[in-house]
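Since the structure comes first, as structure tokens, the remarks are kept for the end.
Values in this document were obtained by computation on a predicted structure and should not be read as measured data.
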Amino acid sequence: MRRAKLIFTAVVLILSSGITTAQVAINTDGTNANSSAMLDIKSTDKGLLPPRMSTSNRDGILNPSEGLIIFNSDTKSMQYYNGSTWRDFNLQSSGSVVCGNDFIDSRDGKIYGTVLIGTQCWMAENLNVGDRIDGIVGQASNSVIEKYCYGDNTTNCDTYGGLYQWSEMMQTGSLAGVQGICPTGWHLPDDAEWCTLENEVDAGTVVCTASLMRGSDAGSNLKE
């Protein structure tokens, strides 16, 4: 009885040691895994296949871990979970974005989603560019983009986007087609473009022209 107990203890110790320190190398030349890698795959004629799934399958994953990677068979792109949302690996510059894909703002490296609504491509998130200043300070006319964050808390800008005064947002020029503080390839929407959006998401109930907007439930529909 005593001898059996000692043998069992030794086996448990050996297994525990293997689990906590093992590195895995998958190759045909018998080399060990790189010291910095838990998994080291080497091949000259084969690739690595991540899980392939549709967007609905992806969204059905319960409590995805930050850093989780999949191949989206609907968008034909590699995607990763950043802790709050799924992002594409194949990030495009703001001036060459394919609507529906993410793009990167080269000015500060921030990543934004996009969405096609009718025939218009919109950013799916509020812009968050510039240096934060306190709300009691006016945004100056200079070469620096300045923003307010609700409650003077930078975290609120990360969540909801920056807040800008009209002159800061516009930078220069009239409204139609003005880039203002937008990334390259994007511009501030004018009245007609807002109307197109409203009529698209609230078709049949909204009366909207460039000079008249009434009866719209567009905001609630966009949230849904």
Side-chain angles (χ1 to χ4, degrees), residues 46-61 64-130 145 147 157-164 168-203 206 208 210 216 218-224:
K46 293 179 175 61
L48 174 67
L49 272 177
R52 291 141 287 169
M53 61 186 72
S54 66
T55 300
S56 60
N57 292 148
R58 181 204 69 188
D59 293 342
I61 298 174
S65 176
E66 184 175 347
L68 193 66
I69 297 173
I70 63 105
F71 177 81
N72 190 317
S73 57
D74 289 335
T75 62
K76 308 301 181 186
S77 62
M78 292 284 291
Q79 297 181 329
Y80 67 96
Y81 191 72
N82 69 359
S84 59
T85 188
W86 288 94
R87 293 288 193 185
D88 284 347
F89 273 109
N90 57 330
L91 292 177
Q92 301 163 307
S93 66
S94 59
S96 60
V97 65
V98 174
C99 203
N101 290 346
D102 296 342
F103 74 87
I104 186 168
D105 189 340
S106 60
R107 296 173 295 182
D108 56 13
K110 288 189 174 67
I111 300 170
Y112 298 96
T114 63
V115 59
L116 184 67
I117 303 177
T119 59
Q120 296 176 316
C121 188
W122 293 82
M123 286 175 58
E125 303 163 73
N126 289 327
L127 185 66
N128 179 26
V129 66
I145 298 176
K147 66 183 178 183
C157 274
D158 294 336
T159 303
Y160 305 110
L163 301 171
Y164 306 92
E168 187 73 9
M169 175 185 70
M170 291 287 294
Q171 295 290 300
T172 184
S174 60
L175 180 56
V178 167
Q179 178 180 341
I181 61 173
C182 298
T184 301
W186 294 81
H187 66 269
L188 298 165
D190 60 21
D191 285 349
E193 288 169 324
W194 280 115
C195 276
T196 299
L197 172 66
E198 284 199 81
N199 283 316
E200 180 66 34
V201 299
D202 205 11
V206 65
C208 177
S216 174
S220 296
N221 291 342
L222 282 170
K223 290 178 183 179
E224 291 177 5

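Of the possible donor and acceptor atoms, one in the side chain of Asp74 sits under 3.5 Å from a partner among the backbone N and O of Thr55. Between the side chain of Ser54 and the backbone N or O of Asn57 there is at least one donor-acceptor pair closer than 3.5 Å. Although no hydrogens or angles enter the test, the distance criterion places no donor-acceptor pair under 3.5 Å between the side chain of Thr114 and the main chain of Trp122. The main-chain N or O of Tyr160 is found under 3.5 Å from a side-chain atom of Asn126 such that the two form a donor-acceptor pair. In this structure, Asp202 contributes its side chain and Glu198 its backbone to no donor-acceptor pair below 3.5 Å.
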Yes or no on ring-ring contact (aromatic ring centres under 6.0 Å, His included) for Tyr112 and Trp186, after CA distance, side-chain angles and deciding distance?
CA-CA 12 Å; Tyr112 298 96; Trp186 294 81; 8.9 Å; no

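Taking both residues in full, the closest heavy atoms of Glu66 and Gly83 are given as CG-N, 3.9 Å, listed atom of the first, atom of the second, then distance. Scanning all heavy atoms of the two residues, the minimum distance from Ile69 to Pro51 falls at O-CD, 4.0 Å. The two atoms that bring Gly162 and Cys157 nearest to each other are CA-SG, 3.8 Å, heavy atoms only. Scanning all heavy atoms of the two residues, the minimum distance from Leu188 to Glu193 falls at O-OE1, 3.9 Å. Between Gly161 and Asn128, the shortest heavy-atom distance links the atoms CA-CB, 4.1 Å. For the residue pair Asp88 and Ser77, the shortest heavy atom distance occurs at OD1-OG, 3.1 Å.
The distance from atom CG of Leu68 to atom CG of Asn82, rounded to the nearest 0.5 Å, is 11.5 Å. Within the model, atoms OG1 of Thr85 and CD1 of Ile111 stand 11.0 Å from one another, a figure rounded to the nearest 0.5 Å. The structure places CE of Met123 at 10.5 Å from CG of Asp102, a figure rounded to the nearest 0.5 Å. One distance of note links CZ of Arg107 with CD1 of Ile181; it measures 7.5 Å at 0.5 Å rounding. Considering CG of Asn221 and CD of Glu200, their distance stands at 11.0 Å, rounded to 0.5 Å. Separating the CG atom in Leu127 from the NZ atom in Lys110 is a distance of 9.0 Å, to the nearest 0.5 Å.
Between Ile70 and Tyr81, every side-chain heavy-atom pair lies at or beyond the 4.5 Å cut-off. Side-chain contact between Val178 and His187 is absent, with no heavy-atom pair separated by less than 4.5 Å. Using a 4.5 Å heavy-atom threshold, the side chains of Tyr164 and Val129 count as touching. Here the side chains of Gln120 and Leu197 are in contact, with some heavy-atom distance below 4.5 Å.
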